[in-house]
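Quick notes on the structure that follows.
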Amino acid sequence: MAALKPLLDAECGTTNPLIKLSQFYTRDNTLVTQDGLIKPATNNFTSANLTGGSNATIDELVNEYHRPIAAPNTFHLEGLLTGLRLADDALDNTNKHEYEWTTQFLDSFTNDFSSHATNVPKINNNFPSSVIHPPPNQHMQVPPQIMNDFHLQQQQQSQQHSQWMPWNEQTYIPPSASFPLNSNPIFLDQQPSTIDAGFDNDTVKAAQNILSLLQETQFAADTEFKSFVEHVAGGNGEKSTVDAKKQEATRDAKDATVDKWINEFSNELSNENQWQPDWTADPVSLSSLDDPIPRSQSWLRHLMDNGDNYSEYKFAQTNPFLDHSNPFEEGLKRLQAHDIVNAVLLFEAAVQKQADHVDAWLYLGITQSENEQDGPAICALKKCVELDPKNLQAYLTLASCYANELLTNEALDSLRKWLENNDKYSHLLSNRRPQAAVEEPRLLDELAFEELQELFLQAVSLSNSPSDIDSDLQVCLGVLFHLPGDYDKAAECFNTAVLAKPNDALLWNKLGAALANGGQSEKAVDAYYHALTLSPGFVRARYNLGISCFNLSAYKQAVEHFLTALKQQSDGIGPQGTHVQMSENIWRTLAIAIGHLQRPDLEQSVANKDLSKLLHEFQIE
Amino acid sequence: MPQEDLKAQVAFAEINKRAQAQPTLVKKVGAVIVFDITKGGNVQQSWTVDGKQGTIYEGKPKEGATAQVTITVDDDDFIQLATGQANAPALFAKGKLKVKGNVMLAQKLSTLFKEQSKL
């Protein structure tokens, strides 16, 4: 851990300012231009939070993250209002309007994640209203008044934050799962059956506050918002009245809009097909294969071909644990102690002793994946589901491994199996028509993707309260979004998962990977730091950390991280192992990083995999 | 048209180097993607990433291969893309990158330009 401090303090911090600047451009402009729109510092991880705390315990960090769970609502008042102010400023208005807001609404499900508030203004622009009533063409006049009302001074966000944060964080929790990815982000929510009975005093008081402010101006005299607030202020929190109110106010609007949004979003995806279906006109090249699988099913062949690569697990040639009396138990212990490499060997011994040991195969797969060996991981996990076709954890891990290997259709398949075998959600599938045979082979089977996306969205909306986060479901969603390259959404999902399980190093690593692949290398580094603090032997996280350093042009650090990872892998085998299973990926990336260091003398060592020489060269003990 | 002036030339050489170290890299892209690199508004040179054959070369797709996606981008912006300083969706949103064909197939391109972090 101490080794990582200099990383965060000094060198990785002094990144090329141009890269930093360009990173801003890869994110939404409003995030930059509006000061305090969302404070990244209040977000989960910055260098400041972390370096100050190499003394900060995990508990402190955990407490930081727990807090936001209390305010998971997508209705973020000050965000909404700032958004209105943004609209008023008319800075980037055209961009916002062009932006396909349906995609944005899907982004808006998490509470604290940075892109959230930036999405809110977009939603507000197109929003068919039930919250702030004046029709869209008038909404430009609205903001100043609201701003005046709700901010007793015309000051900046900082004031506003402290003033209104308590209101937000308090117990007004939108009745149904507006968290996360609920179809309707407004707090006047639609699903009547899931409202918690009554509102508590704090909410009532807050509502009274707002009401008095509203009444001070004549603005919003007739809005539904105001009448709703009146309701709440009257302490009249009964389910039925609010229900009735909300239902009539929003039901039709909601059904139409929700369907519209979902449709728009799916249309967005399928629109792409209409542009230039060159590839649909190109079946010829596919039919050059003579085997019995028909052309229309060449995706099946593709699946089967890849299946061959992962059919047989290749065990380590020398395994000191083969005679161990209880390798599985010992493997679990080593895993607890973060000794990944030896855990792998122990699990291998366990399955060699007992070939139908489901959990041993499962853990072997998971651990190999942590060990940056997705190939063996996939083999092991496939064995596991052969023996236990309902093993959810195996499917989840398989999906991540396939995603890493860019085998997107296999990943989709694994995600689907997770859903099918999950008692909480399998009923969603029974409502589906059976999937039609795919006509054309696609890289990413878009129909399957869209269908799975919709299913997962439904699954998420099943959760009864915003604090009830199914982190596995979030991981599935994250992997799903990661497949077509939607890294920002993927990162938000993983962030949500991490909120529920802040001590799970694997989740931190996934978060980091999604951030890194989306170009946010600095944030990724923070996430990896978390993962490695929790699990110092986590080879994959260290490898990813090296990659992020590389992307930040910190080549020397990158090399050091790669070498440390390789050392951890080779240490595990012990002195008698001549055939050391080190990860090809790490060697390959090490080679590229060394290339950037302009040290041709070292390139030969890398080619020879002369680890000890390299370790010596970089003074890694 | 002097191709030596194109920075994309250097970028593609780098990518090729990486592809040689990792033989399955280009195949993982899976589709035939053509880059039309422009400078000063006109297309100067094209490169083909043949994800089916696993090759990258200068020029339009050879006999037997059809472009499934064609990306038109300026030389400077392409360098931004190739070095990971900008990502395709952002460039696309700014109108600096034009895509013809199935844009979903282009999602895997990022794996060519930089190392993928692992979930």
Side-chain angles (χ1 to χ4, degrees), chain A residues 18-19 22-23 25-27 95 99 269 272-273 275-279 281-282 285 369 372 374 400-401 403-408 442-444 446 478-479 482-487 490 494 509-510 512-519 521 524 540 543-544 547-548 550-551 585 588-589 591-592 595, chain B residues 14 17-18 20-34 50-53 61 63-70 77 79-81 83-91 93-96 98-119:
Chain A
L18 280 180
I19 293 184
S22 65
Q23 277 179 349
Y25 278 95
T26 66
R27 302 189 211 133
N95 279 351
Y99 218 121
L269 289 178
E272 265 120 41
N273 294 339
W275 291 356
Q276 265 234 13
D278 287 346
W279 58 274
D282 186 33
S285 55
S369 171
E372 189 50 48
D374 274 329
S400 320
C401 293
N404 286 333
E405 296 288 297
L406 300 178
L407 295 169
T408 47
R442 293 173 154 110
L443 275 176
L444 171 65
E446 284 151 41
V479 174
H482 195 273
L483 294 173
D486 207 337
Y487 300 122
F494 293 133
N509 176 64
K510 289 188 162 68
L515 287 167
N517 287 330
S521 294
R540 166 158 281 172
Y543 173 57
N544 279 339
I547 291 179
S548 284
F550 181 91
N551 288 336
N585 282 345
R588 186 180 43 78
T589 320
I592 299 176
Chain B
E14 272 290 317
K17 238 171 54 178
R18 291 192 50 227
Q20 273 153 30
Q22 194 184 0
T24 53
L25 180 68
V26 185
K27 275 218 165 131
K28 282 184 176 163
V29 174
V32 179
I33 303 182
V34 173
D50 191 334
K52 302 212 166 129
Q53 299 294 328
E63 222 19 78
T66 324
Q68 294 170 282
V69 192
T70 305
D77 295 322
I79 295 299
Q80 292 275 304
L81 189 64
T83 55
Q85 286 166 27
N87 62 51
L91 287 176
K94 290 195 216 123
K96 295 192 171 190
K98 301 193 188 2
V99 183
K100 221 170 67 162
N102 189 345
V103 74
M104 276 210 147
L105 296 175
Q107 288 292 359
K108 293 198 193 173
L109 277 180
S110 56
T111 60
L112 279 185
F113 300 137
K114 64 176 187 185
E115 287 298 322
Q116 280 291 91
S117 301
K118 305 284 180 174
L119 290 174

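If you're wondering where the values come from, they're calculated on a predicted model, not measured in any experiment.
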Select one option (side chain, backbone, both, neither) describing which atoms of A:Y487 are under 4.5 Å from chain B's heavy atoms.
-> side chain
Going from CZ on A:R588 to CZ on B:R18, what distance comes out if it is rounded to the nearest 0.5 angstrom?
-> 7.0 Å
Backbone N or O of B:L119 within a donor-acceptor pair of the A:R540 side chain at under 3.5 Å?
-> yes
Heavy-atom distance under 4.5 Å to chain B: side chain of A:E372, backbone, both or neither?
-> side chain
Toward chain A, the part of B:T111 with a non-hydrogen atom under 4.5 Å = side chain
Relative to chain A, which segment of B:K118 carries a heavy atom at a distance below 4.5 Å: side chain, backbone, both, or neither?
-> both
Honestly, the part of A:I547 sitting under 4.5 Å from a heavy atom of chain B is side chain
Rounded to the nearest 0.5 Å, how far apart are OG of A:S548 and NZ of B:K114?
-> 8.0 Å
A:A403 portion near chain B, given a 4.5 angstrom heavy-atom threshold = side chain
Where is the tightest heavy-atom contact between A:A516 and B:S117, given as atom of each residue plus distance?
-> CB-OG, 3.2 Å
Any chance you could lay out the side chain to side chain contact (heavy atoms under 4.5 Å, CB included) test for B:Q116 and A:N517, step after step, and finish with the verdict?
-> CA-CA 6 Å; B:Q116 280 291 91; A:N517 287 330; 3.3 Å; yes
